[in-house]
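Note sheet for the following structure.
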There are 2 protein chains.
Amino acid sequence: MKLSTRSTYGVRAMLALALHQRPTPFMVKEIAEQYDLPATYLEQLMTLLRKAGLVTAVRGAHGGYILARPAVEITLAEIIEVLEGPLRLADCPAGAACCGHPDTCALADVWEDARRALTNSFQQVTLAQLAERHANKQADAALNYAI
Amino acid sequence: MKLSTRSTYGVRAMLALALHQRPTPFMVKEIAEQYDLPATYLEQLMTLLRKAGLVTAVRGAHGGYILARPAVEITLAEIIEVLEGPLRLADCPAGAACCGHPDTCALADVWEDARRALTNSFQQVTLAQLAERHANKQADAALNYAI
DNA sequence: TGAAAACAAAGCGAAATACTCGGATTAATC
DNA sequence: GATTAATCCGAGTATTTCGCTTTGTTTTCA
C-alpha cells in the first residue's frame, strides 16, 4: 500500500521542472543528478508524462523538458494517475462470491469512498503550490541556520 | 497502488464474523467456503487479526473465531492497518537528496495529508455499519427480484 | 484416544517493480 | 555535412513482493 517509486520520482521531477525558472528546457540527466534519481529510469517516466500531455519534450542537442502547462494548472493527482494508474484501491470481485452479487456488496462503496478521499487530497495540490511551499521551507531553514 | 488481497480478504472475513449471529465460533474453513477465500491463506490472516486483538480464537475441535469486541467498536481502519501495515504512501528519503533536507521537503506534507485522508475514510466505517449496509442491500436486491 | 480445529514456520511460483541497455531519431553546432 | 547531444523506444533483467501451499505441532472436544 505504497505509491510506487514511479509516482514519487515523477512528482519530484515535475517539481524540479516547476522550480526550474529559466526558459531553457531541463534535461533528464540534470534532473536526475540534482534530485538523485536514476537517469535512464526517469527517462521512461518523462516519456509517459509527455504522452499524457503534462510535459513537452524538446528533442536534439540542448533539448530537455518543460511543463506543458503553467504549474498552477497541474495537480499532483494528474501526475500520480499517469504513473500509478487509476487509484482504485480494490476491485470488488464481480461475479465472485464476495457477497453473492456485486450490487449487494457493501464494500464497493467503501473502496469508492476511499478512492475519492485520496484523489481529492491529491487534486487539491498544484505544482505551483508545491513549489511555493518548497521555497518557503527552504527560506525558513536558511533563516534558522543563520541564527 | 492497490490494497493487497490481505486487507480485502481480512475485511471480508471480519464482515463474515459480524454477520455470523450465532454465539458459536465461526471456523476458518467455513468462512473460506462461504466467501470464496483461500482457506489456508485466510488462516494466516486470522492469526494476525488475533494477535492484534481484533478477534478471539477458540482452539480445538468445534473451535473457530469470534469478534473480540462488538462490531460497532471495530473500524475498517484497524483491520486494514493490521494486515496492510501503516498507510504511509511514501517515505521521504531522509538524508537523501530529495530536496536537500527532510525539513525542507514540501512533499512530506503532501504524503502525510493523503495518509490522513485515507485513514480517516476507513476510520469512519465500523463493522456494524458495514453489516447493516450489507443487509439493506441484500433486502433491496431481494425486493427487486420479487418485482 | 481420535478427530478437528487453530497455530507456526518455512517454502515457492508468479507477478510486479525498478531498473539497465542498445540502438534509432532528432536537432543544434562546428 | 559531420559531429555531438539530447530524446525516443523496445527489449531485457535482477530483485522484491505477493499470494498461497505445505508440513507439522498444539489444543480441545467427543
Side-chain angles (χ1 to χ4, degrees), chain A residues 1-13 17 20 23-33 35-68 80 83-86 88-91 93 96, chain B residues 1-13 17 20 23-33 35-68 80 83-85 89-91 93 96:
Chain A
M1 191 48 186
K2 294 233 160 129
L3 289 168
S4 64
T5 59
R6 297 160 63 93
S7 301
T8 57
Y9 289 179
V11 169
R12 282 162 67 189
L17 290 184
H20 180 71
T24 63
F26 203 177
M27 64 184 181
V28 168
K29 204 174 154 194
E30 279 181 302
I31 301 177
E33 267 172 21
Y35 291 82
D36 195 32
L37 303 172
T40 59
Y41 190 39
L42 182 57
E43 214 170 278
Q44 283 185 12
L45 307 183
M46 294 311 293
T47 300
L48 291 175
L49 292 170
R50 174 181 59 79
K51 286 178 178 167
L54 294 183
V55 297
T56 304
V58 179
R59 300 190 62 172
H62 302 111
Y65 289 95
I66 55 176
L67 294 181
I80 292 172
L83 298 171
E84 196 78 32
R88 275 185 309 120
L89 297 183
D91 4 48
Chain B
M1 190 49 185
K2 293 233 160 131
L3 289 168
S4 64
T5 59
R6 298 161 64 92
S7 301
T8 58
Y9 288 179
V11 168
R12 283 162 67 189
L17 291 184
H20 179 71
T24 63
F26 203 176
M27 64 185 182
V28 167
K29 203 174 153 196
E30 279 182 302
I31 301 177
E33 268 172 21
Y35 291 82
D36 195 33
L37 303 172
T40 60
Y41 190 39
L42 182 57
E43 216 170 276
Q44 284 184 15
L45 307 183
M46 293 312 292
T47 300
L48 292 175
L49 291 169
R50 175 182 57 80
K51 286 179 178 166
L54 294 183
V55 297
T56 304
V58 179
R59 300 190 62 171
H62 302 109
Y65 289 93
I66 55 176
L67 295 181
I80 293 173
L83 298 171
E84 195 79 32
L89 297 184
D91 3 48

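Side-chain atoms are counted along with the backbone in the values below, which use heavy atoms only and exclude waters and symmetry mates. Numbers restart at 1 for each chain; the letters A, B, ... are given by sequence-line order, proteins then strands. A quick note: this is a predicted structure, and the numbers were derived from the prediction, not measured.
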Distance below 4.0 Å between A:Arg50 side-chain N/O and D:dC8 OP1 or OP2: yes

Rounded distance in Å - CD (B:Glu30) to P (C:dA4): 14 Å

Nucleotide of C:dA6, D:dG19, D:dC8 approaching B:Ala57 most closely (side-chain heavy atoms): C:dA6

Sugar-phosphate only, base, or nothing, as touched by B:Lys51 at under 4.0 Å among non-hydrogen atoms: sugar-phosphate

Sugar-phosphate only, base, or nothing, as touched by A:Thr5 at under 4.0 Å among non-hydrogen atoms: sugar-phosphate

Rounded interatomic separation in angstrom, taking OH from A:Tyr65 and C1' from C:dT26: 13 Å

Distance, rounded to the nearest Å, where A:Lys2 contributes NZ and C:dA18 contributes C1': 16 Å

Touch class at under 4.0 angstrom, heavy-atom based, for A:Phe26 against every strand present: nothing

Nearest-angstrom distance from the residue atom CG of A:Leu17 to P of D:dT7: 11 Å

Nearest-neighbour nucleotide for the B:Ala61 side chain, D:dT7, C:dA6, D:dT28 considered: D:dT28

Proximity to the side chain of B:Val28 - top-ranked nucleotide from C:dC7, C:dA28, C:dA6: C:dA6

5' priority, DNA chain C, between A:Ala39 and B:Met1 [closest heavy atom]: B:Met1

N/O (side chain, A:Tyr9) to phosphate O (OP1/OP2, C:dC19) under 4.0 Å: yes

Parallel, tilted or perpendicular: ring planes of A:Phe26 versus A:His20, cut at 30 and 60 degrees: parallel

Atom of A:Ile66, atom of A:Pro23 and distance for their closest heavy-atom approach: CG2-O, 4.5 Å

Among A:Val58, A:Leu49, A:Val28, A:Thr56, the one residue meeting side-chain contact (heavy atoms from CB on, under 4.5 Å) with A:Tyr65: A:Val28

A:Glu84 (side chain) donor-acceptor with A:Ser4 (main chain) under 3.5 angstrom: yes

Given D:dG19, C:dT20, C:dA6, the nucleotide with the shortest approach to the side chain of B:Met27: C:dA6

Min side-chain heavy-atom separation B:Leu48-B:Gln44 under 4.5 Å: no

Any A:Thr40 side-chain nitrogen or oxygen under 4.0 Å from OP1 or OP2 of C:dT20: yes

Heavy-atom donor-acceptor pair, A:Arg59 side-chain to D:dT7 base, under 3.5 Å: yes

Between C:dA6 (C1') and B:Ile31 (CD1): distance, integer Å: 12 Å

Distance in angstrom units between B:Glu43 CD and D:dT27 C1', rounded: 14 Å

Rounded distance (Å) that lies between atom P of D:dT17 and atom CG of B:Leu83: 18 Å

Whichever of B:Val58 and A:His62 has its nearest DNA chain C nucleotide further upstream toward 5': B:Val58

Residue closer to the 5' end of DNA chain D, A:Gln44 versus B:Tyr41 (nearest nucleotide): A:Gln44

d(CD, A:Glu33; P, D:dA6) in whole Å: 11 Å

Closest contact, heavy atoms only, A:Thr8 versus B:Ala90: CG2-CB, 3.8 Å

